[in-house]
Amino acid sequence: MLNKDLIIIGGGSGGLCAAISAKKQGINDILILEQDQEAGGILNQCIHNGFGLHTFKEELTGPAFAQRLKDEAKQLNIPIWLNTNVTKVTKDKIVTCINDNGLWQIKAKAIIFTVGCYERSLGAIMTPGTRPSGIYTAGQAQKYLNQDGYLVGKDIFILGSGDIGLIMARRMVLEGAKVHGVAEIMPYSNGLKRNIVQCLNDYDIPLYLSHTVSKIIGKDKLEAIEISPVDKNLKIIPNSAKRFKVDTLLLSVGLIPENSLIQDLNIPLDKKTKGPIVDENLQFYDGMFAAGNGLHVHDLVDYVANEATQAGINAYHYLNNNLSKGKLHKIINKDNIGYCLPQQFHEDAKPFKLSFRVTKPISKAKIQFYDNDNLIKEIIKLNLFPAEMITININDDILNKINNDLSIKVVEINA
Amino acid sequence: MHKQLICINCPKGCIIDVNYDNNKIIDIQGNSCPQGAKYVESELFHPTRMLTSTVRINNGIHNMLSVQTDKPIPKEMIFPIMKELKKVKVDAPIHINDIIIENVLNTGVNIIATRSMEIK
């Protein structure tokens with residue numbers, strides 16, 4: 001059996017950043033396991049720009065952002081096994097993987113899971129109608145177009161206004177397709193505002209808010225779809241359908257962290273994030289860390305980079321027996337909080353970053369921190385959106401006052 | 001005249017209110033950095049965009065190589081330049097920032113590679 005100090009599962013932006021930071025800290029014996037034929041993950045197919053403003057202080061395309069990380073990992077002599085699929089991880093940190101050279105078992109002292117996420121597909125959203133060909137997730141169509149060079153259709157409709165959907169709307173128009181519209185079930189878009197402007201408005205693509213696809217029509221090949229408005233409870237309003245003759249339906253209806261390896265360990269996942277339950281060190285089990293979109297779905301790769309960099313540092317401290325370990329305090333989500341990370345922290349925790357999402361758009365809010373029922377801190381924040389993760393530093397002014405669990409509330413202030 | 005614009009410089013997407021006459025900004029509000037003011041000026045009087053796309057590549061690990069304009073281009077040049085990109089086929093290896101088309105359609109803008117690609 002091979003031995004490694006640190007194994008990183010997944011060589012996308014998270015895995016590369018974790019490896020680079022771990023190596024810089026002083027872990028020499030690192031191995032990245034990557035299932036694809038190259039490192040860089042999803043960035044390689046995200047050819048649009050807008051990445052890296054925080055990390056590199058300039059605006060890069062996805063491939064260029066990935067290139068910088070790949071080049072740095074190469075310079076630091078970090079080995080990456082490509083075309084390698086991890087099939088199993090055990091609690092004593094034996095990683096089983098398979099590639100062209102055979103089946104491998106590697107014993108690690110620490111593991112970082114930077115496994116990324118997958119797209120919700122048609123099966124997950126129960127749209128009525130037939131199941132013809134011509135229905136793709138947006139990321140699938142993006143890979144076919146940007147890496148393989150195939151445009152999946154000529155007349156497109158997009159369900160879901162997440163960023164990948166918006167980006168693909170523009171991309172397919174540029175390549176000569178007609179995008180008939182984007183439907184979003186919520187009354188607001190889940191994409192970044194800049195993408196509404198430069199992907200939809202620039203090309204006069206209509207955005208149907210509070211609408212969803214209510215019927216799929218076509219025997220073998222998609223022939224048309226219908227969209228309908230939804231009521232406040234997101235239920236379709238009958239007899240109000242509008243039909244579009246399209247050959248392609250793209251789905252941009254959410255991302256789910258890919259955590260089958262962790263589920264196989266019988267370690268519970270957070271029901272909201274669908275990722276593991278971590279402490280302030282991003283650790284979910286002794287010596288096992290998680291970061292990036294496998295932990296929770298991030299808005300920006302810059303945030304993935306920050307989190308994964310921190311995971312690399314934490315893995316180093318773990319190997320040097322230098323991580324906080326005491327009793328755990330839970331973080332409890334109260335009013336208007338969708339999810340919160342980490343989900344718990346140690347009583348001897350050093351200051352850490354807390355990330356959370358709100359459940360609805362709020363223009364002005366008080367963010368309140370409680371030790372059980374005692375209010376210990378309050379912060380005013382403006383313009384909170386579910387699509388935008390909010391990050392707050394949890395410093396000693398909070399940590400020193402916590403004796404029980406930490407509850408967090410977002411209280412709407414009416415103007 | 002008054003207009004509300006959303007700045008596209010960064011993912012923050014500031015909502016900017018601007019009063020302007022034919023060729024001059026009178027006052028602007030809502031931008032949280034100087035880039036926002038520049039964006040409004042450009043968007044009102046000569047809108048530009050960065051263009052990212054792909055060109056065909058021989059012998060690479062993918063069929064397509066990702067490329068971009070090295071500067072923003074006038075909005076009306078987007079589709080003419082897309083047409084030019086369709087005519088191009090390059091050979092691996094390519095290094096990031098290699099010039100794929102120099103001074104495309106006399107815009108003074110180069111098309112450059114946004115990644116390196118080794119021979120397969």
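We use all heavy atoms of the structure for the numbers below, so side chains are in, but hydrogens, waters and symmetry mates are not. All chains are named by letter (A, B, ...) in the order of the sequence lines, taking the proteins before the strands, and each is independently numbered beginning at 1.
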Worksheet item: Looking at CG of A:Leu145 and OG1 of B:Thr54, how far apart are the two atoms once the value is rounded to the nearest 0.5 Å?
Response: 6.0 Å
Practice prompt. Over all heavy atoms of both residues, which pair between B:Ile61 and A:Gln37 is shortest? Give the atoms and the distance, please.
Written response: O-NE2, 3.7 Å
Item to complete: Kindly say whether B:Ser116 contributes a backbone atom to a donor-acceptor pair with the side chain of A:Gln67 at under 3.5 angstrom?
Response: yes
Item to complete: Would you mind checking which part of B:Cys7 comes under 4.5 Å of any heavy atom in chain A, side chain (CB onward), backbone (N, CA, C, O), both or neither?
Response: backbone
Worksheet entry | Segment of A:Phe385 engaging chain B (4.5 angstrom heavy-atom cut-off) | neither
Worksheet item: For atom NZ of B:Lys71, is the number of surrounding heavy atoms from other residues, nucleotides or ligands below 6.0 Å larger than 12?
Response: yes
Worksheet entry | Winner by heavy-atom pair count (cut-off under 4.5 Å) against chain A, out of B:Lys75, B:Met82, B:Arg56 | B:Met82
Fill in: B:Asp21 atom CG, over 12 foreign heavy atoms within 6.0 Å
yes
Practice prompt. Can you tell which part of A:Ile196 gets under 4.5 Å to a heavy atom of chain B, answering side chain, backbone, both or neither?
Written response: neither
Worksheet item: Within a radius of less than 6.0 Å around CD of B:Gln29, do more than 12 heavy atoms belonging to other residues, nucleotides or ligands occur?
Response: no
Response to the item:
Taking a cut-off of under 4.5 angstrom between non-hydrogen atoms, the residues of residues 170-181 of chain A near chain B are A:Arg171, A:Val173, A:Leu174, A:Glu175
Worksheet item: Is it the side chain or the backbone of B:Lys83 that comes within 4.5 Å of chain A heavy atoms, both, or neither?
Response: neither
Worksheet entry | A:Tyr150 portion near chain B, given a 4.5 angstrom heavy-atom threshold | side chain
Worksheet item: So which of B:Thr52, B:Leu51, B:Thr114 actually passes side chain to side chain contact (heavy atoms under 4.5 Å, CB included) with A:His48?
Response: B:Thr52
Worksheet item: Taking A:Lys70, A:Gln198, A:Glu38 one by one, which has the highest count of heavy-atom pairs under 4.5 Å against chain B?
Response: A:Glu38
Worksheet entry | Whether over 12 other heavy atoms sit under 6.0 Å from B:Glu84 CD | yes
Practice prompt. Sort A:Gln147 into side chain, backbone, both or neither according to what part of it lies under 4.5 angstrom from a heavy atom of chain B.
Written response: both
Practice prompt. Count the heavy-atom pairs under 4.5 Å between each of B:Gln68, B:Lys86, B:Arg49 and chain A, then report the option with the highest count.
Written response: B:Arg49
Discussion item. Does any backbone or side-chain atom of B:Ile6 lie under 4.5 Å from a heavy atom of chain A? Answer side chain, backbone, both or neither.
Written reply: both
Worksheet entry | Value rounded to 0.5 Å, distance of CG in A:Asn44 from CZ in B:Arg115 | 5.0 Å
Worksheet item: Non-hydrogen atoms of chain A under 4.5 Å away: do they reach the side chain of B:Ile57, the backbone, both or neither?
Response: neither
Worksheet, complete the sentence: Rounded to the nearest 0.5 Å, the OG atom of B:Ser66 sits from the CG atom of A:Asn49 at a distance of 11.5 Å
